[in-house]
Peer 1: 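Following this message is one structure expressed as structure tokens.
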Amino acid sequence: VQLQASGGGLVQVGGSLSLSCAVSGLIKSVGSLGWYRQAPVNQRELVAVISPGGLTNIADSVKARFSISRDNAKNTVYLQMNNLRPEDTDVYYCKAERVRTIYGNNQGEDYWGQGTLVTVSS
């Protein structure tokens with residue numbers, strides 16, 4: 001199973017970025033998909049997560065500015081980030097939970113993608 005994240009980059013304060021993360025492999029099903037972020041000296045924190053049915057949980061700090069969506073047919077999750085602030089500068093990681101593969105167990109496993117850097121300049 002591989003998670004390929006893309007869309008990070010440099011943006012000015014108030015700008016927008018869209019991240020995407022595609023889950024690939026011999027997949028039977030994917031549970032919740034989420035985005036987390038982590039600065040070098042901080043713990044990884046939840047930004048947003050979305051269930052297979054579309055229920056979302058978004059961190060209060062970004063709820064008014066970020067949105068999360070997913071395309072189940074493509075096993076892809078998106079994070080739309082608007083009105084970006086310098087404090088949003090971080091490495092963003094996608095996570096796929098309870099991924100069931102054709103060769104794995106029925107409980108599934110969690111996987112992380114490689115981080116993508118978002119830098120907001122003032």
Side-chain angles (χ1 to χ4, degrees):
V1 176
Q2 290 187 325
L3 276 66
Q4 182 65 49
S6 61
L10 175 65
V11 65
Q12 290 188 329
V13 168
S16 298
L17 278 177
S18 180
L19 306 182
S20 65
C21 178
V23 186
S24 62
L26 301 176
I27 296 169
K28 290 169 60 177
S29 65
V30 178
S32 294
L33 292 166
W35 289 96
Y36 294 73
R37 64 188 183 185
Q38 182 175 23
V41 296
N42 295 336
Q43 285 187 318
R44 195 168 292 186
E45 65 175 10
L46 172 71
V47 177
V49 63
I50 184 168
S51 72
L55 295 176
T56 62
N57 181 24
I58 303 175
D60 289 341
S61 60
V62 302
K63 188 172 291 186
R65 303 179 292 119
F66 292 9
S67 63
I68 187 170
S69 61
R70 66 188 284 169
D71 184 333
N72 289 333
K74 297 180 179 179
N75 288 324
T76 300
V77 61
Y78 307 93
L79 183 70
Q80 178 63 40
M81 304 183 292
N82 299 323
N83 192 19
L84 283 159
R85 303 169 179 170
E87 56 264 37
D88 295 318
T89 295
D90 259 327
V91 178
Y92 285 70
Y93 297 89
C94 58
K95 181 183 181 184
E97 298 180 357
R98 300 187 312 280
V99 179
R100 296 169 63 229
T101 62
I102 64 172
Y103 50 79
N105 60 53
N106 277 335
Q107 283 186 315
E109 297 183 28
D110 296 349
Y111 295 88
W112 290 92
Q114 89 288 2
T116 184
L117 177 62
V118 172
T119 304
V120 184
S121 66
S122 56

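Note that the structure is a prediction, hence the values are computed from the model and not measured.
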Peer 1: Do R37 and V118 come close enough that some side-chain heavy atom pair is under 4.5 Å?
Peer 2: no
Peer 1: Measuring from atom CD1 of I68 to atom CD of Q80, what distance do you get when rounded to the nearest 0.5 angstrom?
Peer 2: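 If we round to the nearest 0.5 Å, I68:CD1 and Q80:CD are 12.0 Å apart.
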Peer 1: Does anything in residues 111-122 pair up under side chain to side chain donor-acceptor pair (under 3.5 Å), and if so which pairs, sequence neighbours excluded?
Peer 2: none
Peer 1: I need the full list of ring pair (Phe, Tyr, Trp, His ring centres under 6.0 Å) pairs touching residues 43-78, with sequence neighbours left out, sorted by first then second residue.
Peer 2: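 Sorted result for residues 43-78: empty, none.
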Peer 1: Do D88 and R85 sit within salt-bridge range, that is, some charged N less than 4.0 Å from a carboxylate O?
Peer 2: no
Peer 1: Looking at I50, V77, V62, which hits side-chain contact (heavy atoms from CB on, under 4.5 Å) with W35?
Peer 2: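 Testing W35 for a side-chain contact (heavy atoms from CB on, under 4.5 Å) against I50, V77, V62 leaves exactly one candidate, V77.
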Peer 1: Calculate, to the nearest 0.5 Å, the distance between atoms OG1 and CG belonging to T56 and L33 respectively.
Peer 2: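 It comes to 13.0 Å.
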Peer 1: Can you name the salt bridge (Lys or Arg N to Asp or Glu O under 4.0 Å) partners of R44, sequence neighbours left out?
Peer 2: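 R44 satisfies salt bridge (Lys or Arg N to Asp or Glu O under 4.0 Å) with no other residue.
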Peer 1: Taking the side chain as every heavy atom from C-beta outward, state whether K28 and N106 have any atom pair closer than 4.5 Å.
Peer 2: yes
Peer 1: Could you tell me the separation between the CG atom of L10 and the CG atom of L117, rounded to the nearest 0.5 Å?
Peer 2: 9.0 Å
Peer 1: Taking all atoms of both residues into account, what is the closest heavy-atom pair of S67 and I58, and its distance?
Peer 2: CA-CD1, 4.3 Å
Peer 1: List for me each residue that meets side chain to side chain contact (heavy atoms under 4.5 Å, CB included) alongside S51, sequence neighbours excluded, and say none if there are none.
Peer 2: S32, L55
Peer 1: Would you check if V99 and E109 make a side-chain contact, meaning some heavy-atom pair closer than 4.5 Å?
Peer 2: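 Not touching, per the 4.5 Å side-chain cut-off.
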Peer 1: With sequence neighbours excluded, tell me which residues meet side chain to side chain donor-acceptor pair (under 3.5 Å) with S29.
Peer 2: R100
Peer 1: Would you indicate whether the side-chain heavy atoms of D110 and E97 approach each other to under 4.5 Å?
Peer 2: yes
Peer 1: Rounded to the nearest 0.5 Å, what separates atom CG in L17 from atom CG in L84?
Peer 2: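 One gets 5.5 Å once the value is rounded to the nearest 0.5 Å.
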Peer 1: Just verifying a value: how many Å separate R65 CZ and N82 CG, rounded to the nearest 0.5 Å?
Peer 2: 9.0 Å
Peer 1: When you look at CD of Q2, are more than 12 heavy atoms from neighbouring residues, nucleotides or ligands closer to it than 6.0 Å?
Peer 2: no
Peer 1: For A96 versus V30, what's the shortest heavy-atom pair and its separation?
Peer 2: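 That closest heavy-atom pairing would be CB-CG1, 4.3 Å.
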Peer 1: Okay, side chain of D90, backbone of Y92: is any donor-acceptor separation there less than 3.5 Å?
Peer 2: no
Peer 1: Give a yes or no answer on whether the side chain of N72 reaches the backbone of P52 with a donor-acceptor pair at less than 3.5 Å.
Peer 2: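 Side chain of N72 to backbone of P52, a donor-acceptor pair under 3.5 Å: yes, one is there.
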Peer 1: Roughly how far apart are M81 CE and S16 OG, rounded to 0.5 Å?
Peer 2: 8.5 Å
Peer 1: For L46, enumerate each residue passing the side chain to side chain contact (heavy atoms under 4.5 Å, CB included) test, keeping only those at least two apart in sequence or located in another chain.
Peer 2: Y36, V49, N57
Peer 1: If you count every heavy atom of other residues, nucleotides or ligands that lies below 6.0 Å from E87 atom CD, does the total exceed 12?
Peer 2: yes
